[in-house]
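Since the model is a prediction, treat every value here as computed from it, not as a measurement. All values below come from the heavy atoms of this structure, side chains included, with hydrogens, waters and symmetry mates left out. In the text below, chain A, chain B and the rest are named by the order of the sequence lines, each starting its count at 1.
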Amino acid sequence: MQKRLAYSLPDEVLEHVFSFIQSDKDRNAVSAVCKSWYEIERWCRRKIFVGNCYAVSPGMVIRRFPEVRSVELKGKPHFADFNLVPDGWGGYVLPWIAEMAGAYPWLEAIRLKRMVVTDESLELIAKSFKNFKVLVLSSCEGFSTDGLAAIAASCKNLRELDLRESDVDDLSGHWLSNFPETYTSMVSLNISCLGSDEVSISALERLVSRCPNLRSLRLNRAVPLDKIANILRLAPQLIEFGTGAYSAELRSDVFSNLAGAFSNCKELKSLSGFWDVVPDYLPAIYSVCSRLTSLNLSYATIQSPDLLKLVSHCPSLQRLLVLDYIEDSGLEALASNCKDLQELRVFPSDPFGVEPNASLTEQGLVAVSLGCPKLQSVLYFCRRMSNAALVTIAKNRPNLTRFRLCIIEPRTADYLTLEPFDIGFGAIVEHCKDLRRLSLSGLLTDLVFEYIGTYAKKLEMLSVAFAGDSDLGLHYVLSGCKSLRKLEIRDCPFGDKALLANASKLETMRSLWMSSCSVSYGACKLLGQKMPKLNAEVIDERGPPGSRPESCPVEKLYIYRSVAGPRFDMPPFVWTMNEDSTLRLS
Amino acid sequence: MEGRLVLLGGGSSGVSTTESAVLSKVEVVSEACSYPAESELELGLGLSLGGGGGSTGNTKAANSSWGECGRILTAKDFPSVVSHRTNNGGSSSVAVSGTKRAAETESVSHDSGSPTGVSQVVGWPPIRAYRMNSLVNQAKAQRGDELESGIGEKDKPKDALKKKLDYNGKQTSSATVNEKAYLGFVKVNMDGIPIGRKVDLNAHSSYEGLAQALEDMFLRSANSAEKEPLTMASKLLDGSSEFVLTYEDKEGDWMLVGDVPWRMFVGSVRRLRIMRTSEANGLAPRFNESNDRQRSKPI
């Protein structure tokens, strides 16, 4: 009787139940229960996340999920952020847009990261999706403001246009005027990456004034300080705001106007921008500081005393991005004032300087780890570190989930003991049991990898540079880290043995990047031929790997799992190691 | 078909000379590359550098003196060079050319007394290009104001300018000192090639170095193009082309590369374009402006 009940639930009921299940993992689990659930689920899946655009083809996605409304794609490997992936590598979105244009006429949202987006793609989006609402282009490139003009002109229901950190060919600021006068639906606009000196301020103001639902506005550097007050007065309902260049000649009328405009924004929780800061203008934001939960000062080249003062006004801060000008003293103030802090990122103001540019050491991070009980996510650039400090941090903050430490000079040792940081990072992975992301730096031997393999069972992403002694290091990680999805390695003495011994592990991961290591061409070929579910790609700008001996190490190797087989859009400097293509290799 | 382009070195084999050492930042060939005999090597891009004589248009000359209209060299000009890595396959921890030292030989043009700190490895420290460029642009803007205050192009009031320098005095000095050290990647587009590239200006200390790097970038793509639809460009590249190197400066004007001192160029360039000479007519007058800077032919 009970068995038959399961079969007798109508599809609509199941579909309704499934609609409460939003996470991809859960959805995937649901679809694996039985054939009928698979069928029902695939018809009602509305959101797709593809972490590697080459892992699957657009056609496959469309065939399985015919009614998708929201697509998120990621393209280039993470190390592309640091110019390690040559231009022209790939990550083109056009093929996806082209197929979705036909298959998903009701598509509402496209979110892309590290992809090449052309004006043609943007124009196609503008033409094809009548109910288009959300466009997020994170660290993308290949398009210009002409493409944006097309989006502005056609997408009547656009709510979100977010260009965060994309590389846009900024031909003119007039694309903003392409939003028709009847367009009023903007909720979130982020143009902070645009470089143009001629942003049409009047078009911007008109746009802001007719969009009553605007909650998030991030301007680009070109918007001068004296225009900010007016814009804020047009949108007092803002929750997030990013200034342009925060500098002007100091004038009391401009200041009080600005201060007044800020105090008018009763819901402002997040501030960013702050290029070219003139410190005398900082007090203009004091009225909102007590409510601020997120503050991005990572472009603000102001000194420690000003930073300290500012930070002391922000007791509700949960997220702070700042330059190392904050110094240990500023971080100590942060630790005593901001008990809700969850995320801290400290960037170097002078990454290549010989002498430290600011008095920022491991002490600052230790102080924050002690004073901020909710601290979960850390990105910290510094010039010296000690194992003692890392152990203290680990014991203070076992709730860390993301820990990325960059000791600026490669292979720097513990400044107190001159030892490697194996013990310190070992403590991090041992104590922080929920650690999902880790970036290593400093002098490190194979031992640290043994610790990581032993303890970091929830680790999903690991970044390694200039570390380790032998293949054993890589082997520890691949064999020990159960949850590992992304591994990126540069300049480490890891070679064929560990890779080949753990080849099947690679099928459980999204991707592996290795550059300037010791993996031979022969091993790459072997992997490509033996592991059909993996795409093994060699990036080598010296010419075909086949023109060199098989034992010759490759420049860069990118291996990712895929159900779509080798890709067709590889540039001349990328070679696939998969079997059917080996004939191409000379 | 192995047109392995060898980077044009000023000197004989090895990385002893300034120019030949300066090739590394562009994600290219290993340090072990050997250099062929140089006499036939010449820089091909028609830069309007010193060499004057160059009135546009003249040219189809295959002659080898620098200064007159150059041509973009093709693979035929170079013997094929294959880099042999058999020996150091496993011997060092950095077996392949990941670590590149570009800046040491640039100390010639360095302002500061102190040497650059972190060895200049590509992509290290791991700071996103977006953030680096922002820092560079802030530094450049400050320096640019210094440079231009005489010309009066910026209408910033002097007080604010001074204030900015005062507040950021510390940064300014370190920025100037290390400005060369920031990753100054600028986009380069070549007419006829759909995909642009990026070149790191701070890896070069002279126009020669930059020209070399660009030739490698775009020629290399053309020659290994089994798949890239570069036929248009290839036709033009085969000996008969005239391309000129131009750049867009901070004010948005397009200028021919080579007119101003290198450092000033680096401080004001926003992006580069390798343009067909026929399209550069609007810029032609600069060809005729006499330039005192004679660029010596690399030996």
With a 4.5 angstrom heavy-atom cut-off, is it the side chain or the backbone of A/Phe79 that approaches chain B, or both, or neither?
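For A/Phe79, there is no contact with chain B at all, as no heavy atom is under 4.5 Å.
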Under 4.5 Å from a heavy atom of chain B, the part of A/Ser192 involved:
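Both backbone and side chain.
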Can you confirm whether A/Phe381 sits close enough to B/Ile127 that some side-chain heavy atom of one is under 4.5 Å from a side-chain heavy atom of the other?
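A side-chain contact exists here, since the closest heavy-atom pair is under 4.5 Å.
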Could you grab the distance from atom CE of B/Met132 to atom CZ of A/Phe82, nearest 0.5 Å is fine?
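The distance works out to 10.0 Å.
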Shortest non-hydrogen separation from A/Arg490 to B/Val122 and the atoms involved
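Looking at all heavy atoms of both residues, the shortest contact is NH1-O, 2.8 Å.
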Is it true that atom NZ of A/Lys497 has more than 12 heavy atoms of other residues, nucleotides or ligands lying nearer than 6.0 Å?
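No, the 6.0 Å shell around NZ holds no more than 12 heavy atoms from other groups.
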B/Arg131, part contacting chain A, at a heavy-atom distance under 4.5 Å
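Interface part for B/Arg131: both.
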Taking every non-hydrogen atom, the tightest pair across B/Val121 and A/Phe466:
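Result for this residue pair: CG1-CZ, 3.9 Å.
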Do B/Arg128 and A/Ser139 come within less than 4.5 Å of each other through their side chains, counting heavy atoms only?
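Yes, close enough: below the 4.5 Å cut-off.
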Ignoring hydrogens, what is the shortest heavy-atom contact between B/Trp124 and A/Phe352? Give both atom names and the distance.
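Closest pair (atom of B/Trp124, atom of A/Phe352, distance): O-CE2, 3.6 Å.
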Against chain B, work out which of A/Cys193, A/Gly495, A/Ala80 has the most heavy-atom pairs shorter than 4.5 Å and name it.
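Highest number of heavy-atom pairs under 4.5 Å: A/Cys193.
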Heavy-atom count around A/Glu120 CD within 6.0 Å, excluding the residue itself: above 12?
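It does not: A/Glu120 CD has 12 such atoms or fewer within range.
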Contact part of A/Glu141 toward chain B, heavy-atom cut-off under 4.5 Å: side chain, backbone, both or neither?
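Contact with chain B involves the side chain of A/Glu141 alone.
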Please identify which of these residues, A/Pro351, A/Pro348, A/Pro410, A/Ser441, meets the side chain to side chain contact (heavy atoms under 4.5 Å, CB included) condition with B/Pro125.
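Answer after filtering A/Pro351, A/Pro348, A/Pro410, A/Ser441: A/Pro351.
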